[in-house]
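Here the structure is a predicted model, which means the values were calculated and not measured. Each ligand, and each atom within it, is numbered from 1 in the order the structure gives.
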Amino acid sequence: MPHDLPKTYDPAIIEDHWAEYWVREKLFAQPTPPAQSTQSIPGREAAVRLDGKSDGQSSFTILLPPPNVTGHLHMGHMFEHTESDILMRWRRMCGDRVLWVPGTDHAGIATQMLVERQLVSEGTSRQKLGREAFVQRTWEWRRHYGGVILDQMKRLGASVDWQREYFTMDENLSVAVREAFVRLHEQNLIYRGAYIVNWCPRCQTAISDLEVFHEEQSGHLWEIRYPVIDASGKDSGEFLSVATTRPETMLGDVAVAIHPEDERYLNLHGKKLRLPLMNREIPIVLDEWVSRDFGTGAVKVTPAHDPNDFALAERHSLPSINIMDDTGHINSEGGAYAGLDRYAARKRVVANLEEQGLLAGIKDHVNNIGHCDRCKTTVEPRLSTQWFIKIQPLADKAKAAVREKRIRFTPEMYEKTYFEWMENIHDWCISRQLWWGHRIPAWHCAECRKITVARIDPTACAHCGSKKLTQETDVLDTWFSSGLLPVSVFGWPNFDKSNTPGAPGPSHLGTGEGIKDRADFDAFYPTSLLVTGFDILFFWVARMIMFGCWFAGDVPMPDGSKRTLADSVPFREVYIHALVRDANREKMSKTKGNVLDPIEVVKQFGTDAVRFTLASMASPGTDIAFNIARTEGYRAFANKIWNAARFLFMNVDRAAEIGITVDPAALGKMPVAEQTAPLEARWIVAELNATAAKVNQSLENYRYDDAANTIYQFFWGSFCDWYLEIVKLRLDFSDTANKAQSKAALTTLVQVFETALRLLSPFMPFLTEELWHAVYDGHPPAKSTALTRYPQAIENSAAADALAEMNLMQSLIVEVRALRKEIGVEEKAVVPIEIRIDGHLKAVIQENAEMIKRLARVSEVLFVSAISVGHSKHSMAECDVAVVYEKKIDAAAERERLSKDIAKYEKILISAERQLGNEGFLAKAPAQIVEGLKKQVAETRRLLEKAQGDLDSLLPE
Ligand SMILES: [Zn+2]
Ligand SMILES: [Zn+2]
């Protein structure tokens, strides 16, 4: 039996099958095109594109924001991947040379933490293992578990090029990291310095401001009295009080600062204090930064543990005393407190101050405490020696790129956010005290103490020639390597020796090997688009822009000319997607317990239904309230299409029995309906064109919601509810006299269905792939729907007439159905109707009388000049219509029926009105639900009045 389609739609079976097929057949692999290729794909329909390139085939490239190698797919990923995949599949079908590059990030802190936990559970630790063995162990972990999220993506059908999958610590990407570091160092843009960083005592590394989340916590403000000493060094009996939220840091105090004009303290100018507990003399310094209104107006100065104090100490040439070690314990600088954990030290410091009568007071105080984003430990601002990038020159280029609109943001508001951050950017601390990551390519010389930075591991100090070198132990911030991805995944810097100082000039480019090496870069850089979340706008997006503009700017264009900023950018457009929230618009969070696992939802309803749910609500800047009920609805939608396919195939098979077949050559393009074709054929083709136009336009503007809803309405409403019902009239394969008509109808039916499948395929790739292959009965013209052309609308001047005529027929049918209900015609009864209509539209109804007869159970269409007296009629713009029906009435039964109906209507009204009176419901419910409810109330009220009237007229008997 041909068109071997299972009876019921089971997404699990078809999805597993096609997901595996797409990967196995390497369907989405994008090979490196030949240099400066201008060849186009024959027969390709006009494609719209963002980048304005006009060659035969434009590249459309995006990088998948690399998930952490430790990651599992969550709803946010699924949303991001759905939006990207729809665009990619659409562009590919529009004829672009589409490349979507997948990969994973080595995620320094997250991965190290995970492996450390494993080690602890095995009774050992990172330190016991040692660096080399630990790194080995982490690679092993990655081999075993690192592919989870990509496997999930494979199952969900993301159309990425798996041949190009990368890992940020791959050899070639590591070369890029090293080149970038060395080059920035050569350009004097990398320096090493002592600076206050956010220190995580658990992860034992510096972390960036962006990786610290702040939370208000109730704590205390301690007021401590510092004795003032006189000229001879003895306590004068006077005290100066300071307030602090971290009293243990006083162990590292080097001064107390007051405002120079603070009248309370004028007498203390030039005097010294004795630091309690440490018995150290410290100066009183005058600084205008001190706020006279906060606390006592006197501020302890702890340069090694507070960024503001650090800056103040610089101004006054004060030393810094770091009192804490990497684990958050007090070190030897902390005197008697050495060895205590920071919080134990706090308790003891406070207790001792109290004993000595130096604690002036304790107040409750709400602190804004910073926590490590990874492990939630309270971070400690702490002085440490770190590596930094002097970011300003890079930031300037990156700002220019956006200001000159070389990169555009959607939604546009993110451009403002981007500038706000870029205007206040600080030097980027790129070193991390981790073992897992790219180790900084710098070597310390034991003899001259200088540093050698090199592309290739050096054997001798570049300054004194000594062989006593040890490599820097710090690794680079993970964002350093991911910031380079747009250049590094396309081969930079390996092709680019001309830009290495000391290497031959760019003259060798454009001939021989150089071309091959940089073909990827030439074909795919800049990428077209980045689809990502706002949470990594600064972490990643801004850094890619800075690195891209900086490093790609040095790569000549394929013709050897200098690359402009416009072509240096890593991507031409950034689309920031919204959040997926739960059905009540609450943020999904583990603590709230409202997290939806996309894999579980997929198991229940299928990938296609979940994708469609996300797409149907996705538009720029709008968060999604994910509601399972909707997914259930789209599962039903998929099922409806499945059943439509089965109906269609049944007819194809019946037709084949009498020798009618559809020419496969008639498929694969937008169907055209002849002027002489029946109304429903002209109409469905016009609808299909309008749908294609709207969907293409919507996708162009990232209106996934409009695109999805347009296709939904077409498939469910126009195609299934109307067209299929009407076309049944023409598919009479027993009547050989009408063979031509049946063949024409069948051809249009199959053409429209095949086109609609292609239209839907970016949204529901699995269902459409299964049905599309079935349409071709095992002999498809391509390996996948994804490799066919996306339907584009064709101009047709007759389309408007077809739409208007069909609109009239539809209204008429709807009115007759309503009338039948109103006057209580039995379901199965076939009855005549009267129509009063003027002008040319009468001919439309006459020609399509069969349609009304079939769809509204009408026996005869009677054209009259006025509706006969006694019939209740419905009036429309163009005509009046009435159902001719005299019911034989059994008064008792009728009374019972009407009473039942009245009770039912009243119940519906009470419930609907209660909902409409509920403020909470109105605030949460989508507008169309509320609208629908209001319509239901009006309609029910009408039916209720009618039933009551009918009942009244029965009563006298
Ligand atoms: Zn941490
Ligand atoms: Zn040296």
Using the Zn ion (ligand 2) as the vertex, how large is the angle between SG of C461 and SG of C464, rounded to 10 degrees? 110°

What does the angle at the Zn ion (ligand 2) come to, between atom SG of C448 and atom SG of C445, rounded to 10°? 110°

Within H463, is some N, O or S atom less than 2.8 Å away from the Zn ion (ligand 2)? no

Given the rule in the salt bridge (charged side-chain N to carboxylate O under 4.0 Å, His left out) test, do E215 and K376 qualify, once you have shown the distances and angles that lead to the verdict? CA-CA 11 Å; E215 218 170 54; K376 320 299 170 213; over 6 Å; no

Are R348 and E248 ion-paired here, with the side-chain N under 4.0 Å from a carboxylate O? no

Do R543 and F538 meet the cation-pi criteria used here (NZ or CZ under 6.0 Å from the six-membered ring centre, within 45° of the axis)? no

Degrees at the Zn ion (ligand 1) between the SG atom of C375 and the SG atom of C200, nearest 10°: 100°

Lys/Arg-Asp/Glu bridge criterion (N-O < 4.0 Å) met for R382, D326: yes

